[in-house]
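Nothing here was measured: the structure is a model prediction, and the numbers come from that model.
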Protein chains: 2
Amino acid sequence: MPTASPRPRPTLRDVAATAGVSKSLVSLALRGDPGVSESTRDRILAVAEQVGYRPSLSARTLKQGRSMLLGVVISSLENPYQTEIVASVEDAAEQVGLSVVLAHGSRDRGRLADRVQQLGDLGVDGLVVVSSWVPDEVLTAAARRLPVVMVGRTADPVAGVDSVTNDDEQGAALVVDHLVGRGYERIAHVTSSTRPAGLARRRGYEDAMRRAGLGDHVRVAAPDAVDGLLDDGYRAVFARNDVEACDVLDRALDRGLRVPDDVAVVGYDDTLLARRVRPALTTVQQQREVMGERAVALLTGRLGGRTDDVHEVLEPRLVVRASG
Amino acid sequence: MPTASPRPRPTLRDVAATAGVSKSLVSLALRGDPGVSESTRDRILAVAEQVGYRPSLSARTLKQGRSMLLGVVISSLENPYQTEIVASVEDAAEQVGLSVVLAHGSRDRGRLADRVQQLGDLGVDGLVVVSSWVPDEVLTAAARRLPVVMVGRTADPVAGVDSVTNDDEQGAALVVDHLVGRGYERIAHVTSSTRPAGLARRRGYEDAMRRAGLGDHVRVAAPDAVDGLLDDGYRAVFARNDVEACDVLDRALDRGLRVPDDVAVVGYDDTLLARRVRPALTTVQQQREVMGERAVALLTGRLGGRTDDVHEVLEPRLVVRASG
DNA sequence: CCGAACATCTGGAACGTTCCAGTCCTCCTC
DNA sequence: GAGGAGGACTGGAACGTTCCAGATGTTCGG
């Protein structure tokens, strides 16, 4: 099949030549400059369309020093929590005329760091990092050349890097209070994480238990130790995220227990999974749309000249469903 | 906090100046050109490192006419089938020294088309499209300026665009044959799709049923009409994908039926969902790692000068699990 | 000791934009 | 009818690379 070969793509100069004007004028016309007469503008646009002209972003970026691109880094595409944040960042970016390019690290820490570098080299105007796996030194290095904001689960603040996070301790407290309100006392926490967010949730759980006078019942277990909890008479399990909550759910159902009649199960994150599973999970929702919006606002703030670090903390919300 | 302000990033010229050599030599040294003496190379590298030099990809791309970047377009981040393909494309790209930038369309057809354009403008050297939602005219337009390959569910071949697909008809036949082999005769198909892949699976189902002499039992229903099937005594349901299979599963379990004892359920795609759900889904697996590898190979083939269209079709594999 | 061959390095012209400083006009004002 | 004021347009210099055609030594065979 005689397909068009990789012909050199037409440039401003080509358009200018066939339209019989200077390249400067073509540039102005294409960008809608008011100083171009209507007739020539129309002619130029027609020619550009006809020869299939498309501007070269690399040339534009090189000249202007900015790309109108936002980089978003996530650790894994398989993490619905992260991908939902990406979508919200993207919506917010579009509002202010920025486009998003996405990079991910497939669970590999080194690869993630490479991606961050790469996006910087590409010339993005700002970076949104939705992963706590990026090493601090990589973040600070990145922050030296462009605005960086961490979104979601964050570690300790990194100098020069803004952040938008969720109050995980409060979220955990919401769960405990809810379960206590329903009369549960033996409430266990299931977690496999030693990451900052996981630790914060655990802390929130322990503190809330103590506040409720249930300090003696505090019990933290790994996901694969659920059987032990159930054997010991725990009637409610708060898992560190929806995925682990589902594992608990499966385990309980396998033992012939009814949820929530025999045992209550609560998750965290309100991912799609929470809605899909049966019974649907009670879980904690973070304001993901707001997160994206705030992240973009922080970046544009930096681009506008702000130099002090800003850390925003959003309030989580409990979503009560069938599981507890 | 006195954070570093957006200082102008150092360029080749800066490195050259502080190292006391010409910018050309710096360029050569950084790219590991053998014609640079070891001592100067080391010195230059040290200086570059010290001043925090990073090459500008836009300048490089502009000059060289290629970016070493591959664009990958998917319709939605929430589709595990697509994101798994992305990962495999990425692995394959890395093998040949290419990086991947990802764009998605959040289920919006117009946005998807914009993304395709945008990646082209960015200067990617090739495009992998993992979505059947991109309009043909957008694809052909894109194919005029860079190599494009469609991966996964494809519509009819588009001129100038290569493809790597799965034989959906054969996949559906595998399912039917498997169920027939287990003694089922009243096998229904559940589908809500009018997209090419869905239609192919339906066709495969109908043909296989007829070949098995079960033409009289052919029955196709929408996901929300599952109850009708069960009422009519269908004992096996082949769903168009894993998500719809899960819906069928839920519906059956809600009616108190046992799976697979009372009714068998089979999905398609072998997404994570298939493994997670209970009972685990029997489903059809596509060779996703191979898909990425083939896609990249087709692109490099085009970059190497090939001009005729190539369409590769991969064989699906049945994965038998607990559900049927 | 001359020239050639080689290793090492340099200057400048591109690449496709944007943008600044002009250059022409035409039209208005006094 | 001279003197702008603006409107419409142009030329060329950047932006940070790469790469080609040299320039400058150095070494070595004869």
Side-chain angles (χ1 to χ4, degrees), chain A residues 6-45 47-48 51-69 118 120-125 145-146, chain B residues 6-45 47-48 51-69 118 120-125 145-146:
Chain A
R7 221 175 332 150
R9 53 144 106 177
T11 87
L12 269 191
R13 217 187 298 280
D14 299 328
V15 177
T18 62
V21 293
S22 73
K23 59 182 174 37
S24 311
L25 191 57
V26 176
S27 176
L28 292 172
L30 289 176
R31 282 175 297 150
D33 188 287
V36 180
S37 78
E38 196 166 346
S39 61
T40 33
R41 184 170 50 91
D42 290 348
R43 188 160 45 93
I44 290 175
L45 291 184
V47 173
V51 304
Y53 170 78
R54 295 249 82 211
S56 153
L57 287 196
S58 29
R60 201 206 293 277
T61 300
L62 175 59
K63 180 69 210 240
Q64 298 202 131
R66 75 203 140 85
S67 60
M68 292 307 224
L69 247 38
Q118 211 165 75
D121 296 348
L122 226 194
V124 299
D125 293 339
R145 53 174 177 152
L146 44 71
Chain B
R7 220 176 335 149
R9 54 145 106 176
T11 85
L12 268 191
R13 217 186 298 278
D14 299 326
V15 177
T18 63
V21 293
S22 73
K23 60 181 173 39
S24 311
L25 192 55
V26 177
S27 175
L28 292 173
L30 290 175
R31 282 175 298 149
D33 188 288
V36 180
S37 79
E38 197 167 343
S39 61
T40 34
R41 183 170 50 92
D42 290 348
R43 189 160 44 94
I44 290 175
L45 290 185
V47 172
V51 304
Y53 169 80
R54 295 248 83 211
S56 152
L57 287 195
S58 28
R60 202 208 291 281
T61 299
L62 174 61
K63 181 67 217 246
Q64 297 202 132
R66 78 205 137 85
S67 60
M68 293 306 218
L69 247 39
Q118 212 165 73
D121 295 347
L122 226 197
V124 298
D125 293 339
R145 54 174 175 150
L146 44 73

Problem set entry | Whole-Å distance separating the CZ atom of B:Arg13 from the C1' atom of C:dT10 | 13 Å
Problem set entry | Point-to-point distance, once rounded to the nearest 0.5 Å, from CZ of B:Arg13 to OG1 of B:Thr18 | 13.5 Å
For this session: Calculate the interatomic distance between B:Asp33 atom CG and C:dT10 atom C1'; express it in whole Å.
Result: 14 Å
Exercise. Any donor-acceptor pair under 3.5 Å joining the side chain of A:Ser22 to the base of D:dG11?
Worked result: no
Exercise. OP1, OP2 of D:dG16 versus side-chain N and O of B:Arg60: anything below 4.0 Å?
Worked result: no
Exercise. Does B:Gln64 have a side-chain nitrogen or oxygen under 4.0 Å from the phosphate oxygens OP1 or OP2 of C:dA14?
Worked result: no
For this session: May I ask you to say what B:Ser24 touches in the nucleic acid, namely base, sugar-phosphate or nothing, with a heavy-atom cut-off under 4.0 Å?
Result: base
Exercise. So what does A:Ser37 hit on the nucleic acid, given a heavy-atom distance under 4.0 Å: a base, only sugar-phosphate, or nothing?
Worked result: sugar-phosphate
Problem set entry | Derivation and outcome, side-chain contact (heavy atoms from CB on, under 4.5 Å), residues B:Leu122 and A:Leu69 | CA-CA 10 Å; B:Leu122 226 197; A:Leu69 247 38; 4.2 Å; yes
Seminar exercise, completed: Atom NZ of A:Lys63 and atom C1' of C:dA14 are separated, to the nearest Å, by 16 Å
For this session: Please assess A:Ser58 against A:Thr61 for the test side chain to side chain donor-acceptor pair (under 3.5 Å), listing each intermediate value before the final yes or no.
Result: CA-CA 5 Å; A:Ser58 29; A:Thr61 300; over 6 Å; no
Exercise. Side chains of A:Ser24 and A:Ser27: do they bring a donor and an acceptor to under 3.5 Å?
Worked result: no
Exercise. Looking for any heavy atom pair under 4.0 Å, which part of the strands does A:Arg54 touch: base, sugar-phosphate only, or nothing?
Worked result: sugar-phosphate
Seminar exercise, completed: Considering only heavy side-chain atoms of A:Leu28, the closest of C:dG16, D:dT10, C:dC9 is D:dT10
For this session: Starting from the 5' end of DNA chain D, give me the residue, B:Ser56 or A:Val36, whose nearest nucleotide shows up first.
Result: A:Val36
Exercise. Below 3.5 Å, does any donor atom in the side chain of A:Lys23 face an acceptor in the base of D:dG12, or the other way round?
Worked result: yes
For this session: Report yes if at least one side-chain N or O of B:Arg31 is closer than 4.0 Å to OP1 or OP2 of D:dC19; otherwise report no.
Result: yes
For this session: In plain terms, say whether A:Asp121 and B:Arg9 are close enough for a salt bridge, that is, a side-chain N and a carboxylate O under 4.0 Å apart.
Result: no
For this session: Take B:Ala59 and B:Pro34, find for each the nucleotide of DNA chain C with the closest heavy atom, and name the residue whose nucleotide sits nearer the 5' end.
Result: B:Pro34
Exercise. Checking all strands, does A:Thr61 fall into the base, sugar-phosphate, or nothing category for heavy-atom contacts under 4.0 angstrom?
Worked result: nothing
For this session: Calculate the interatomic distance between B:Leu12 atom CG and D:dC19 atom P; express it in whole Å.
Result: 12 Å
Problem set entry | Whole angstrom value for the distance that separates C1' of D:dT18 from CG of B:Leu57 | 14 Å
For this session: Return the value, rounded to whole Å, for the distance between atom CZ of B:Arg43 and atom C1' of C:dT8.
Result: 12 Å
Exercise. Could you give the CG-to-C1' distance, from B:Leu25 to D:dG22, as a whole number of Å?
Worked result: 15 Å
For this session: Confirm from the modelled atom types if B:Ser27 and D:dC19 form a donor-acceptor pair under 3.5 Å, side chain to base only.
Result: no
Exercise. Between C:dC15 and A:Ser58, is there an OP1 or OP2 to side-chain N/O distance shorter than 4.0 Å?
Worked result: no
Exercise. Expressed in angstrom and rounded to an integer, what is the separation of B:Leu62 atom CG from D:dC15 atom P?
Worked result: 14 Å
Problem set entry | Derivation of the side-chain contact (heavy atoms from CB on, under 4.5 Å) call for B:Tyr53 and B:Leu30 | CA-CA 10 Å; B:Tyr53 169 80; B:Leu30 290 175; 3.4 Å; yes
